[in-house]
Protein chains: 2
Amino acid sequence: MGISERKERERQEMRAKIIDAAIGMFLTEGYEKTSIRNIAEKIEYSPATIYLYYKDKDELLYEVQKQAFEKLEETFDREVTSTHPFERLTQLCKSYVRFGRANPEMYDLMFMIKAPMNCVEAEDGWDNNSDSFMLLLNTLKECMEHGLIRFKDPMVAALSVWAMGHGLVSLDVSCRLKAMQIDEHMLVQLTEASIDQYLELIKS
Amino acid sequence: MGISERKERERQEMRAKIIDAAIGMFLTEGYEKTSIRNIAEKIEYSPATIYLYYKDKDELLYEVQKQAFEKLEETFDREVTSTHPFERLTQLCKSYVRFGRANPEMYDLMFMIKAPMNCVEAEDGWDNNSDSFMLLLNTLKECMEHGLIRFKDPMVAALSVWAMGHGLVSLDVSCRLKAMQIDEHMLVQLTEASIDQYLELIKS
DNA sequence: GGAAAATATAAACAGTGTTCAGTAAATTTG
DNA sequence: CAAATTTACTGAACACTGTTTATATTTTCC
């Protein structure tokens, strides 16, 4: 019978409707400032209805995160295209930092906010991000196979490169670079220079 | 007259009482989960009283942050002692990362949480952290004067080193390293190796 | 001692995430 | 088709949150 199929489809549509509203509000207002009531109002349902489709606000965020990572992976697909491993690593780093700086609220949800990681505590690993991390890890491995970078351990390499990229983006997103007392324009240049410098340093 | 002096002293004592309670609760429960009501209960005053001493919850956090940075600076005073510039840079990096990993909740308040930076928006710079940043900057400048590191611009150097250190700590504190699917022991080793590797890389 | 000033608080406001009893609609069953 | 049952939804409530305000208490000053 096609009824249960339609029901399931309607359920997914409703879930999408909720998530779409949530994404929009999380990105414009931030996670904390977006309330279930606001989301409910936007989709013209009662707040309680949302709980029929998502367990709690954290699950909502987890779902939004999922979509954010899909966006990041799409960006990588577009911008990380070179066949030369080190060139590809360069593209990956720059693409990552550009993405973070261009979408600070999204970056916050993906890599900085504390909320949704609690609910993943019990589970093994953190699914949302594993694809992107694998892309980095594999690119680095390939670089190492060709002797293009000065790393010996691929995991150390992955952690280092990610840490550098994340550090640059997150210090900016969290406004901690105010300690440097420089203007926005200068900051962009310094960030760019830091990445270039770092890639130069790891090149063998 | 000594009355106004006593009044001022009592005022500072009350401020300290509030902050002490706040620190304790922020570190054990986190900023978001600590309520003004909880703090008030702990010091046995009404919630409204707190507002006679601090403008709002953000100002409370800003004050707690201040003390956290004093703790960080004390740690640096103890652990960053070498007269050799590069050796001192090494001590600084390791001390920073160790501090962050040993005090994740405090690190969160200092470098990750979003809340208190908003209220600093208008002001120029971010006072709390400027001493530590200056220590890093000056150490790097000294290294450069002696030709010990491969950086040309001290600001690029400071941003790079800070980004690397902050990246390593914050990815861990925010649980994002779950993407790497490794155990705690391995993680400590990888982090250590990443710092060593980085210091090796920037050495000229 | 009594006016003035400083200090503390109970109560209220407007908001939050979440739960639950109860209603209305859609579906299945007899 | 009508009755019974399942599904979808919601209003109201609960237990919180940060913050403000009018009121009460204490302290200082003349």
Side-chain angles (χ1 to χ4, degrees), chain A residues 1-19 21-23 25-26 28-65 109 113-119, chain B residues 1-19 21-23 25-26 28-65 109 113-119:
Chain A
M1 56 184 73
I3 284 180
S4 63
E5 272 88 348
R6 176 177 57 85
K7 278 272 166 85
E8 178 57 25
R9 201 176 57 236
E10 280 174 351
R11 188 176 166 76
Q12 292 309 323
E13 276 166 12
M14 188 63 167
R15 281 178 65 97
K17 204 186 182 80
I18 294 169
I19 283 295
I23 287 182
M25 306 193 72
F26 285 175
T28 54
E29 307 291 332
Y31 177 71
E32 298 291 351
K33 283 187 180 172
T34 302
S35 70
I36 299 287
R37 281 176 174 81
N38 294 155
I39 298 172
E41 200 174 353
K42 190 158 207 171
I43 61 171
E44 295 174 292
Y45 279 84
S46 99
T49 301
I50 291 177
Y51 287 88
L52 299 175
Y53 295 88
Y54 291 97
K55 189 175 136 282
D56 53 25
K57 206 185 168 189
D58 271 8
E59 196 176 298
L60 226 59
L61 176 50
Y62 193 73
E63 205 63 33
V64 169
Q65 234 184 32
L109 295 182
I113 228 172
K114 232 180 175 181
M117 308 309 293
N118 308 328
C119 68
Chain B
M1 54 184 75
I3 285 179
S4 63
E5 272 87 348
R6 175 176 58 81
K7 277 273 166 85
E8 178 57 25
R9 200 176 58 237
E10 281 174 349
R11 186 176 169 76
Q12 292 309 322
E13 276 166 13
M14 188 64 170
R15 281 178 65 97
K17 204 185 182 81
I18 294 169
I19 284 295
I23 287 181
M25 307 193 69
F26 285 176
T28 53
E29 307 290 331
Y31 177 71
E32 298 291 351
K33 282 186 180 173
T34 302
S35 70
I36 300 286
R37 281 175 174 82
N38 294 156
I39 298 172
E41 200 174 353
K42 189 160 208 171
I43 62 172
E44 295 174 293
Y45 277 84
S46 98
T49 301
I50 290 177
Y51 287 88
L52 299 176
Y53 295 88
Y54 291 97
K55 191 176 134 282
D56 53 25
K57 205 185 169 189
D58 273 7
E59 197 176 297
L60 226 60
L61 176 51
Y62 192 76
E63 205 63 33
V64 170
Q65 234 184 31
L109 295 183
I113 227 171
K114 231 180 176 181
M117 308 308 294
N118 308 329
C119 67

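Proteins get letters first, then strands, A, B, ... in listed order; numbering begins at 1 in each. Values below: every heavy atom of this structure, side chains too, minus hydrogens, waters and symmetry copies.
Because its NZ or CZ atom is both nearer than 6.0 Å to the ring centre of A/Tyr31 and within 45° of the ring axis, A/Lys57 counts as a cation-pi partner of that residue.
Annotation: side chain of A/Glu63 is not in contact with side chain of A/Ile23 (no heavy-atom distance under 4.5 Å). Contact check for A/Thr49 versus A/Ile43: no side-chain heavy atoms found under the 4.5 Å cut-off. Inter-residue side-chain proximity for B/Tyr45 and B/Lys17 is flagged as met; some heavy-atom pair is nearer than 4.5 Å.
Computed from coordinates, the B/Glu44 CD to C/dT7 P distance equals 20 Å when rounded to whole Å. The CD atom of A/Glu41 sits 16 Å away from the P atom of C/dA14 (whole-angstrom rounding). In this structure, A/Leu52 atom CG and D/dT7 atom P are separated by 13 Å, rounded to whole Å. Atom pair B/Arg15:CZ and C/dT7:C1' shows a separation of 16 Å (rounding to whole Å applied).
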Just by protein heavy atoms under 4.0 Å, how would nucleotides 11-23 of chain D read 5' to 3' in B, S and -?
B-B---BBBBB--
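Within a 6.0 Å sphere centred on CD of B/Glu44, other residues, nucleotides and ligands contribute 12 heavy atoms or fewer.
Dashed line: the shortest gap from a side-chain N or O of A/Tyr53 to OP1 or OP2 of D/dA8 is not under 4.0 Å.
When all heavy atoms are compared, the tightest approach of B/Phe26 to B/Leu109 is CB-CD1, 3.8 Å.
Side chain of A/Thr34 to backbone of A/Glu29: no donor-acceptor contact under 3.5 angstrom is found.
B/Tyr62 and B/Asp56 are not linked by any side-chain donor-acceptor pair at a separation below 3.5 angstrom, with hydrogens and angles left out of the test.
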Polar pairs (N or O, both sides) under 3.5 Å between protein and nucleotides 24-27 of chain D?
none

